[in-house]
J.: 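Before I ask anything, here is the structure I am working with.
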Amino acid sequence: MEELDVEPTTTLIPGAGLKQKHLGFEWGPGDLLMYETNFKLQDSGSGGSGSPFIHVVRRDEDIYSPILRKLFNESHHIFVGLQNIKDDVPSKNKKLQFVSISKNYRSVIRACMEELQQVAVSTTDTQYSNQVSILLAIELIWNLCEVLFIDASPAGSLLLHLLDWVRLHKADVDEKAREVLQSESPTRHHAYWDVVMCFVLQGRMDEARQVLQKQASLQPASRAAYQLVDNLLHKMPVFNPGGTQTLTEFDVKWRHWHEECDRCLQDNSFASNRHLETICKVLVGDEDALLEQKVLLGTWYHLLISRLLFSHPTVKPAELHYYAQSSMDMFLESPSASEPLDSILLAAFEFDLHQVIKDCSIALNNWWFVAHLTDLLDHCKLLQSHNLQCHVLFNCVCVCSFGSNLREFLVLEYASGLFSHHSLWQLAVDYFDHCPEFGRVYLELQIERVPLETERKALKVLRICEQRQMNEQVRSICKIMAKRALSNNRLGSALSWSIRAKDAAFATLISERFLQDYCTRGSFSDLDLIDNLGPAMLLSDRLTFLGKYREFHRLYGEKKFAEAAKLLLSLMTAKIAPRSFWMTLLIDALPLLEQKEVIFSVDQTHELMFCLEELTSDNSELKLEHLTQDDVESTKLELLRLALARNLAMAIVKEGTVEA
Amino acid sequence: MDCINAKYVSQKISKTRWRPVLAAALQQPEVFATGSWDNEDNKLCLWRVGENEGYTMEDEQEGEPQLLCECEHGGDVLDLQFLDQDRLITASSTGAVTIYKLHPDSQTLSVAHVWDRAHHYQSANAPCTGVACNSPELVSVGEDGRVVLYKADQRGIVRVIENADSSTIHGVTFLRTTEVLTVNSIGQLKLWDFRQQGSDPAQILALTGDRVPLHCVDRHPNQQHIVATGGQDGMLCIWDVRQGNMPFSLMEAHSAEMWEVRFHPTNPDHLFTCSEDGSLLHWETSSGSDAPLFLQGRNSSMMSRSATALAGGNQSLISAWLNGDSSKGRLETTHMLPSQTLSVNSLDVLGQCLVCGTDGEAVYIHRRVPV
């Protein structure tokens, strides 16, 4: 057995596994069924039966959160849009499209997070605040991946994007600033200097200057020092990716500024004011000074970005990992203090995409994130060179059965979870559609198992199958519906379903039921259906007979005797009617034979007689005894023979006279 | 699509209906009801949209529906109608027909009356697929092929037509006080006259030879003989129930099941359809006034004359939907939703407001429908 990546977590199932009972289990698509069993428990003997409960253990509990359902539904829409991006779009436009799709995903996460936050505030239930923190982490990772992988900014603009990233996820600064500025005397507020420092650390120099201004106007004594800091903050060069300035020019400019800051520090210009001195130390990138702001930074990755801002503003993507690792080491006292989130972000800074995805799969309790992120990265063609690595990645999974495609594996996993949900299964269909290798097989296996409470739901499931030419599933669903209708004694519905499934055998069975009903009751039920079979009648012989036989009755009812007689005869001679029904047909001919005018011609009468003889000779050996015993049957026979003979006589006479 | 508001509601929506507004007050509707399906616990919800409320939130919140109240519903909500301003009727997959009462002061919903197992087989329950009301009368239809007539104020059932249909009845609408029209899963329209006894329909209409199931039906608001139906193949059919067996016009509308069709209640030259294919269409036909009657084809002009006679000689009442072939050139359709993949199950339109609900668990509200 291969080595596991992490220790599996233990899940306690309340009420199960007590009294040393063994647990049995069965895997489902998104969950696990557990039950107590006596299997292999020899000692207990008659030690009572197992617990009557079956426990459902869910891997992905987030699917059942009503608020997260919005996330699933909205992201489904984005996902489908992403799959439909054409390959022929120029790659530059494509990158823009991918970035905007990534932003759409993030805005959906944010919207969901805000709603969760509102609920979390109003309840004491910790599950909401847990979900908020998970979504926060997800958005943080996604945003970083967007900057590093999808947007893939070059040196210069890379830092600008990273600054945006940190600003977005350390938004408590704004709240604090508002609180300070709205207080009676902002300058005396205990958090005043914190706010200034926070702005500086995030590179928001203009805002820092504004806040500083308040203090400067109150302290004319140290006016010069304030002026100096203000000047330094103002002059700090910022790279403008859209401008004409090259990176080297920017670098030169930045170095000048850096030296100026350094000079001010050497001059002891800020000796009078401790706070201003600290700011200047930060500006020159003094690592000890930065580390002193640990509380304000909050995280190692904020430290990283601030370090880059003040020491290496032209950092190249390839150099990031070095600074990331050292920032983390500086920030965290011991390496063991790092959490899963830290290692995921570190892996991202190291551009180890697969490590990011792998760690996320392990650390997060849902598949939503990894499935969608991997899909997007795959569309950006970032995963292809490493296809084989997924073997290393999911070494506990039988790799061969999932092909070599990481994206497909994760999307399938997510979609299977959705499909096990009583309501979200419809979303999963589109995800399966976009898994070229195994999507269809998954869909085929799962779609048949959707419970069909109403016809409307059945129609929806059928539409899904028909659109994908899944004939086997169409047949099976129609059959289920037909059988259900039949068991509810709804013959018409049952027949409609079997016609839709083109299920000849079942149509025959139902036609038999119709004919039986007719024999016992003497009239047809469900005429609205039988009269309007149309070409569907040809599905099975018995159904054809049913339709034609009913047509005979209609013609007879409309007094179109000649046509009725012809049809009746053809039913027997063309062997459409089952032999067992011939006697009924012949009896039906009786009133036609007894009409005053001649309806059956000589030839037709001969054929009728032939049919009768064929029937009686068939039956003679078996049923002779039966017939003689049964008075009714024999009277019928005699009546028929008599009527046939009389009709023959009349027909001969009539045809003779016409000819003459 | 600026005036479209989408709201994700965490439940698949099977029906949406505007609460009627008082005819005298020329105001836009503000409250609508939704019913869900295929959830573990299905719900009936009331929502309010409106700009006149004192919103303290940001601008983006404006026009977004706010939940007023909700109520558990046993089984899928397969149909939903407002009986009047304060009473709602639901058709459930459990076979029950329920009247809910809305208490406007306390903003709560409660069950006023349930007809349990109104639709059933010998032993099991049969889903009730549709209800129609013409206050105080109600009629419901179901997969059991029954047509059941109730009075809103009476506990008992007024009348049941057993075996009204051998297949599933998918939709029902009142034509006039004593007549209802049903559509079934083998493509037939059946006209029932409650003055007649027995279980035979007064009339059966069908596309000959075609057995395409019909899923929805709506009656022209002014001319009771004109109905629109939508079926499994997504075709829109306009029928004149007085005129024989064939639909008056057949129009290709959607690529999958049409779940609902609605004439605009006050401007019936506009019609709306929604479908399993995820689209919502707005159909507009210009009324016959710009084309002289004699240019409208032989059949239809004869038709129109009789229509005129019935409508009391008022020419402007001739429906543009019955102009036969000539109407094809003057029929405009517009898609009303941005690209959408999951089924639009229901729509309702009142005044300039349209609401629709989808399997993507979203409700869309359009507040400036050009009618």
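Side chains included, hydrogens not; waters and symmetry mates left out as well; all remaining heavy atoms used. Note on naming: letters A, B, ... go to the chains in the order of the sequence lines (proteins, then strands), and numbering restarts at 1 for each one.
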J.: Which is it for A:H76 and B:T341 under the side chain to side chain contact (heavy atoms under 4.5 Å, CB included) test, yes or no, and what are the steps along the way?
T.: CA-CA 9 Å; A:H76 164 263; B:T341 52; 3.3 Å; yes

J.: Taking side chain as everything from C-beta outward and backbone as N, CA, C, O, which of these in A:E466 sits under 4.5 Å from a heavy atom of chain B? Side chain, backbone, both or neither.
T.: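 No part of it gets close to chain B.
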
J.: Between chain B and each of A:Q426, A:E453, A:H421, A:H77, count heavy-atom pairs under 4.5 Å; write down the option with the most.
T.: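 Looking at each of A:Q426, A:E453, A:H421, A:H77 in turn, A:Q426 comes out on top.
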
J.: Shorter than 4.5 Å, heavy atoms on both sides: which option in A:I67, A:V429, A:L529 has the most such pairs with chain B?
T.: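 Maximum pair count with chain B is reached by A:L529.
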
J.: Is it the case that over 12 heavy atoms from other parts of the model lie below 6.0 angstrom from the CD atom of A:E558?
T.: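 Yes, because the 6.0 Å sphere around CD of A:E558 holds more than 12 heavy atoms from other groups.
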
J.: Among B:L342, B:T129, B:N184, B:N163, which has the most heavy-atom pairs under 4.5 Å with chain A?
T.: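 Maximum pair count with chain A is reached by B:L342.
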
J.: Contact between B:E276 and A:Q467 at the side-chain level, heavy atoms closer than 4.5 Å - yes or no?
T.: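 Counting from C-beta outward, B:E276 and A:Q467 never come under 4.5 Å.
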
J.: Counting only heavy atoms not in A:K502, do more than 12 sit closer than 6.0 Å to its NZ atom?
T.: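 Incorrect, the count does not exceed 12.
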
J.: Assess the residue pair B:D38 and A:W425 against the criterion (side chain to side chain contact (heavy atoms under 4.5 Å, CB included)); give the C-alpha distance rounded to whole Å, side-chain angles, the decisive distance to 0.1 Å, and a yes or no.
T.: CA-CA 10 Å; B:D38 205 25; A:W425 58 272; 2.7 Å; yes

J.: Out of A:I499, A:I530, A:L459, return the one with the most heavy atom pairs under 4.5 angstrom to chain B.
T.: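 The option with the most such pairs is A:L459.
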
J.: Of all of B:S343, B:A256, B:A124, B:A362, which one pairs up most often with chain A through heavy atoms under 4.5 Å apart?
T.: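 Highest number of pairs under 4.5 Å: B:A256.
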
J.: Can you establish whether the number of heavy atoms outside A:E175 located under 6.0 Å from its atom CD is more than 12?
T.: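 Atom CD in A:E175 is not packed in, count stays at 12 or less.
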
J.: Is a donor on one side and an acceptor on the other found under 3.5 Å between the side chain of A:R456 and the backbone of B:L78?
T.: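 Flag set: sc A:R456 to bb B:L78 pair under 3.5 Å.
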
J.: Among side-chain atoms of A:K460 and B:N345, is any donor-acceptor pair under 3.5 angstrom?
T.: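 Looking only at side-chain atoms, B:N345 and A:K460 do form a donor-acceptor pair, the distance falling under 3.5 Å.
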
J.: Heavy atoms only: give me the nearest A:R69-B:Q11 pair and the separation to one decimal.
T.: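 The answer is NH2-CA, 3.8 Å.
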
J.: Highest number of heavy-atom pairs under 4.5 Å with chain A: which of B:H170, B:K190, B:Q232?
T.: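 Of B:H170, B:K190, B:Q232, B:Q232 has the most heavy-atom pairs under 4.5 Å with chain A.
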
J.: Using a cut-off of under 4.5 Å for heavy-atom pairs, which of B:S123, B:G145, B:A6 has the most such pairs with chain A?
T.: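 With the most close heavy-atom pairs to chain A, the winner is B:G145.
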
J.: Going by atom types alone, do A:R490 and B:Q122 pair a side-chain donor with an acceptor below 3.5 Å?
T.: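 The answer is no; no qualifying pair exists.
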
J.: Just by distance, do the side chain of A:H422 and the backbone of B:E40 share a donor-acceptor pair under 3.5 Å?
T.: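 It does hold such a pair.
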
J.: Contact part of A:L495 toward chain B, heavy-atom cut-off under 4.5 Å: side chain, backbone, both or neither?
T.: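 Contact with chain B is absent: no heavy atom of A:L495 under 4.5 Å.
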
J.: Under a 4.5 Å cutoff for heavy-atom pairs, which residue among B:I204, B:V9, B:I186 has the most contacts with chain A?
T.: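 The residue among B:I204, B:V9, B:I186 with the greatest pair count is B:I186.
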
J.: Spell out, as yes or no, whether a donor-acceptor pair under 3.5 Å connects the side chain of A:D528 to the backbone of B:S166.
T.: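 Looks like yes, one N/O pair under 3.5 Å.
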
J.: Decide, yes or no, whether a salt bridge links A:K70 with B:E361 under the criterion of side-chain N to carboxylate O below 4.0 Å.
T.: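 Judged by the 4.0 Å cut-off on N to carboxylate O distance, A:K70 and B:E361 do not form a salt bridge.
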
J.: Kindly give the heavy-atom pair with the smallest separation between A:S423 and B:K12, and that separation in Å.
T.: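 Looks like O-NZ, 2.8 Å.
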
J.: Please find the pair of heavy atoms, one from B:S167 and one from A:S493, that lie closest to each other, and give the distance.
T.: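 Smallest heavy-atom distance, with atoms named: CA-OG, 3.7 Å.
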
J.: In terms of heavy-atom proximity below 4.5 Å to chain A, should B:S36 be classed as side chain, backbone, both, or neither?
T.: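 Contact with chain A involves no heavy atom of B:S36 at all.
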
J.: Would you find a donor on one side and an acceptor on the other, under 3.5 Å apart, between the side chain of B:S10 and the backbone of A:P66?
T.: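 Yes, the answer is positive, given that a donor and an acceptor are paired below the 3.5 Å cut-off.
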
J.: For the candidates B:W37, B:W259, B:Y121, which exhibits the highest count of non-hydrogen atom pairs separated by less than 4.5 Å from chain A?
T.: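 The candidate making the most pairs under 4.5 Å is B:Y121.
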
J.: In terms of heavy-atom pairs under 4.5 Å with chain B, which of A:G492, A:A536, A:A485 leads?
T.: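 Most heavy-atom pairs within the cutoff with chain B belong to A:G492.
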
J.: Any salt bridge linking B:D76 with A:K457? Criterion: basic side-chain nitrogen under 4.0 Å from a carboxylate oxygen.
T.: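 Result for this pair is no, no salt bridge flagged.
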
J.: In terms of heavy-atom proximity below 4.5 Å to chain B, should A:A494 be classed as side chain, backbone, both, or neither?
T.: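 Neither part, no heavy atoms under 4.5 Å.
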
J.: Can any side-chain N or O of B:E143 pair as donor or acceptor with the backbone N or O of A:E455 at less than 3.5 Å?
T.: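 Looks like yes, one N/O pair under 3.5 Å.
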
